[in-house]
Each structure stands twice: as structure tokens, then as C-alpha cells.
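Read through the structure below, which is laid out as C-alpha cells, and then see the notes.
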Amino acid sequence: MSAKATGVLNKRLSGDGYEKLLKINNPELFEFIEKYVELCNPDKVFVCADTPADINYIRETALKNGEENKLAMKGHTIHFDNYYDQGRDKKNTGILVPKGVNLGEAIETRDRDAGLKDINEVLKGIMRGKELYILFFCLGPTNSEFSLPAVQLTDSAYVAHSESLLYRPGYAEFVRQGAKARFFKFVHSQGELDERKTCKNLDKRRIFIDLEDNLVFSTNTQYGGNTIGLKKLAMRLAINKGSKEGWLTEHMLVMGVHGPKKRVTYFLGAFPSLCGKTSTAMLEGETIVGDDIAYLRKKDGEVRAVNVEKGMFGIIMGVNSKDDPSQWKALNNPGEVIFSNVLVTPEKGLHWIGKDGEVPPKGHNHSGEWWTGKKDAEGKEIKCSHPNARFTLSLDTLDNLDPKLNDPKGVAVGGIVYGGRDSDTYVPVEESFDWQHGIITRGASLESETTAATLGKEGVRTFNPMSNLDFLSVPVGKYIQSNLDFAKGLKKAPLIFSVNYFLKDKDGNFLNEKTDKRVWYKWMELRSHNEVSAIKTPTGLVPKYDDLKRLFKEVLKKDYSREAYDKQFTLRVPENLAKIDRINKIYENKAQIPDTPEVLFRVLEEQKVRLNQAKEKFGDYITPDKFLS
Ligand code: SPV
Ligand code: MN
């Protein structure tokens, strides 16, 4: 390391911070830290070496500085983000691209030189009067081919505390790897705070991703999706790295689905935010490995996957004792949980949209003091909690945790599931014909009606390939090609399915109950072992009525009627054709997506031909029995 770096850091690090850093022999790390300590100019710098005392310091500081407050239940704390900082800020998030690089307009970018100049201005002196926390983590299990070391600089004890729950500690890994370590870097500052300890200067909100330097900047925001570097910010760096090295970073849950004779088959699931991803990962009777982000690698002809994280930053809206028993238990017992943007009652209890019981008439929430009927500056009624309100906990507090969470080899993947908020097109569960058909007609064609997880209007159907569009750092076409190529050399590719939890009838009523999905996963598990047959339709392979009837009885103790099956599994030809037209148009737009693989158009065209043939024979709406040969 340079003499200058050691000199500056020796002077500026508090307590034994400098000694802790010296144990890591990595000049790049020192130079990085020195540069941003000098630029951001904090009053104090704390180095976290992952000891219980260090973690406790972060936890206590978040309380002391008011970013979190204690609740009645032991270990529970509450944090608020600014009223207008409640979701991922897509508008102010951009990949910094050097001149001449074209990622396509589907991906938000900024000119790299201009972006770096701008962010350096914003960061100048931003931590004056504050403490900077330096933290080390490992993305993926430690001691594994999947492990990626990462360092976070932040002036938010809340962000640091959240990360200590969500990620595996990495200080020891940095010490072990020394100068060899290639790591991701994150610099975050919440900027000035108001009296409620929420961000004041939202106009200076920036989330800039510099792929050249494996570095992400985030300023003047607190919402976890914008600030927790190792979450969605690291995804952009990992997608770029994996695309060069032949592995994938996906916005996917990882779960163990429990089949007959104690067999466990691992499934991955990609869903846009607020579309049932966490509730799927937490499905009753199954076990959770992860609920948000997975790395996928090929090993000995198999797809193996790990959860990048070890905790959960889950949506709390709708969590209730009946539908989500494991989450309910974790959120209603003593233990370390950070709640954000929910209602705190005068007794320091909690309430949120969809929780059991009555909504208390008053308390305080993300809007400050709150009462029933309160309206915001735009005249919109403020609910007791924000729809994107969250809870943060370590997965080991859950009673349904899968034992393979930290397995350095990851889990073997039997199936991949794609799902979105789709009220009128796809049937509740369907298998694709093969990997290519699945990647193209499920993953690459994924659409979803927008939700509160990102800022902006809700309920608009949007294109979201693999539910990963917000996090892509390579052109969409290239990313799809990497997904297509990933099956090369596999002994048996995982099966690819679509699910749709949001299908409605013509009157706008949901056709399924929340718990029905338990049956879909059991069916998929059996399919992945070839233990049930299926009906071939123009769009894929759908379950047979008798198999579902048996599974509904076994899993849910419910009688499943033929009428319900017919309604749910009717092939909706016009809606499917309209979807293909929409998707084709998106991929044909070269300004948006410059490099769509030709095979995508071919596979969609073949599906269109099959749909039109079926339409000629059976009409617009076709029950599955028509396809039984
Ligand atoms: C999501 O919105 O997909 C989340 C939460 O998982 S965030 O951290 O905001 O990305
Ligand atoms: Mn997510």
C-alpha cells in the first residue's frame, strides 16, 4: 500500500480501526478507503471486524443516533425512510458507461465521465459531522467457488445493521485473501437528515454503478433497495462479472420442495417485487434457502445455485397468521428484527396493511404522526403502513430454514419458475417444452403489472425479462443469450415453469386462493422426476385434472372441482396472441434492445402458429381436455 494511504488512514481511523485494517494486506482496498474518507470527510471512522462487540456497536449506534428506535418486543426496532423514498429509485439509478458503449435504452445509463464528476461533487464533504462505518462481507457462502468479497462504506448505522443481518461476514475472508482479493465496493451516504432522521436532500439522490471499477455509489437515500450495497447494487456488478465468466446472477428465490419419501428438490423462482416471491420461498411445508438473489454455476453437468444473502428484507404487507405462519412467528416473537415504514402504536406495538386484527386509529409511521384518514400533500390517503414496508431479519431465526443455506457447493437445481402479476393470460402453472422454449416464452417474455416496490404509477403492465430488468448491466439481448447458452453441456437441464398467482375471471375475481400455490409446487416437483404426466397444449405442458384433484386433497385437504380446473387452466388464445405481439414489438425495437437473439423471434412465431391452429379447431377459449389425444 502507498505510504500516503497508510498515513492518512492512521490519522483518521478511530480506536483500533487502523490495526484492524492493517491485518488486511491489500493495497487496492487501502487506496479505495483513503480516497473516500478524504472525499466524504467524516468526523469518525469505524472499522467492523465482525466480532460480537463490533456488531453490537453498530446495532447500538443505530439506536443512539435515532436511525432506529426500540419497540415493545425485545430485539425489535423500527426505522423510517423519507415519505418519498419508499422504493427503488429507477429514475436516479444508472449504469455509468464509457463513450461508445451501448447497453440499449431498456437499461438506464449515464455517461461515465459526467456521472463520476457529478457524484464526486455530491460526495464532497457529505459525511462531515458523521461517523463512517467500514464493513466487510462475503456474497454467497464463504469458502466457496461462489464467494465474492465486498466492502461497504456507509454513514448509516441502519444500513450497516441491516447488512449485518443480511450478509455473511467477510472480514476474515479479506484477511485470508490479502492482496489477491478481487472485491466489490460500495460507497453510501444518506446525506443530511431531518428531525425524523430521514433524508433531507432527495433532489441529490444518486445511485451510480461503475462497472469499470466494480464500485457503486448511493447518496441521499435510505430505502434498502437503494442503499444496501450488497443487495440490488451488487447484482449489477455480479451480472456483468458473470456474463464475462459464464455464470448467472438472477433475481430468484431458492427453495427446497419436499416430495414423496423425504425427497427434497430445489427450485429457483423469479418474480418481480410484490408478486409473491417471499411468500413462495416461505411456502408452508417447504424449506427456504433464499428469497431474493441467486448465483447459478454449472458443475459436473448440473446447475448449482446459492443464496447470495443469509437474511431477508421482506415485504410485510399482507403477512398474517393464517397465510404466512413462519413469517408470522418470526415477526411476533422476541428476536432481532428491523421493521421499516410500518405503523407504531402509542404502546410501541406494530400494525401493517393486512395484519391480523383491527387497524389502530393512531400512531406514527413513514408519514410522521398518523391517524385514520390522514392524507398526504397530494391528497392521497395514507394507509397505516407503506405497501412496500419491510422487515429485515437473519434467516436463521426462521423455523423453515433449509439446512443447505451455507453449503459451499450450493444446491442442485431441479426446476426454475417464472411468475408475474398477470390478470388475464397465463394459466396458474405450466411447464415449458424445453430450456430454450422456457427461457424465451417464460423468462424473456415475463411481464408484470407494476407495484409499490418501485416509485411511480402502480398497475401498469410492464416488460420485465426474468424479473431482472432493473438490475441488468449488460444489454438485454446479451443477457438472454447467456441464459440460453447456460444449458450447454448440462446432463439434464432444470425444467422451466411459469406460474400465475394473479389470474382473474372476466368479472375481475381471482381464480385461486393464496394457498393454492402449495399444490403447484408439489406438481412441479413430481414433474421434475417424471412422476406425473401432463397435457400438451400450444403453450406448454399443463397438469391433468386428476393429479391436481389428488394433490389438493393431500396438501390442502380441499376438494378441487372440475369446474375450477377448467376455469383456471383454459387456454386463453386471444390474450396469448396479444402477449406475443407485445413481446415481439419490444424485442424488435433496436434502440431499446440492440441485440435480440434471432432464435427468440422464431420460438415466439412457432408458438403463434400453434395458437392459431388451435383457435381454428377449438375457438378462442379452450379447456385442457380438448388437447388430450
Ligand atoms: C425488490 O424490490 O425486488 C426487493 C427489495 O427485493 S429491494 O431491495 O428494494 O430490491
Ligand atoms: Mn428483489
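Whatever order the structure lists them in is the order used to number ligands and atoms, beginning at 1.
Atoms of ligand 1 lying under 4.0 Å from at least one heavy atom of Asp292, given by number and element, are 6 (O). Of all the atoms in ligand 1, the ones that sit under 4.0 Å from a non-hydrogen atom of Arg88 are 1 (C), 2 (O), 3 (O), 7 (S), 9 (O), 10 (O). Distances below 4.0 Å separate heavy atoms of Tyr223 from the following atoms of ligand 1: 5 (C), 7 (S), 9 (O). Applying the 4.0 Å criterion to heavy atoms of Ser273 picks out, from ligand 1, the atoms 1 (C), 2 (O), 3 (O). Set against the non-hydrogen atoms of Lys231, the atoms of ligand 1 under 4.0 Å away are 8 (O). Taking a cut-off of under 4.0 Å to the non-hydrogen atoms of Gly225, the atoms of ligand 1 that pass are 7 (S), 8 (O), 9 (O). Contact atoms of ligand 1 toward His251: 3 (O) (distance under 4.0 Å to a heavy atom of the residue).
Of the angles at the Mn ion (ligand 2), the one spanning OD1 of Asp292 and NE2 of His251 is 90° when given to 10°.
For the Mn ion (ligand 2), the N/O/S atoms of Lys232 include one lying under 2.8 Å.
Side-chain contact annotation: Thr462 with Asn464, donor-acceptor N/O pair under 3.5 Å absent. Judged by distance alone, the side chains of Glu131 and Thr61 never bring a donor and an acceptor atom under 3.5 Å apart. In this model, no donor atom of one side chain and acceptor atom of the other lie less than 3.5 Å apart for Asn226 and Ser218.
Using a 4.0 Å cut-off between heavy atoms, Lys277 makes no contact with ligand 1 at all.
A ring-centre distance under 6.0 Å is found for His366 and Tyr83.
By the side chain to side chain contact (heavy atoms under 4.5 Å, CB included) test, Leu446 pairs with Pro272, Tyr418, Ser467, sequence neighbours left out.
With Phe208 as the aromatic partner, Arg110 does not meet the cation-pi criteria of under 6.0 angstrom to the ring centre and within 45 degrees of the ring axis.
Residues Asp85 and Arg205 are paired through a salt bridge, judged by an N-O separation under 4.0 Å between the basic side chain and the carboxylate.
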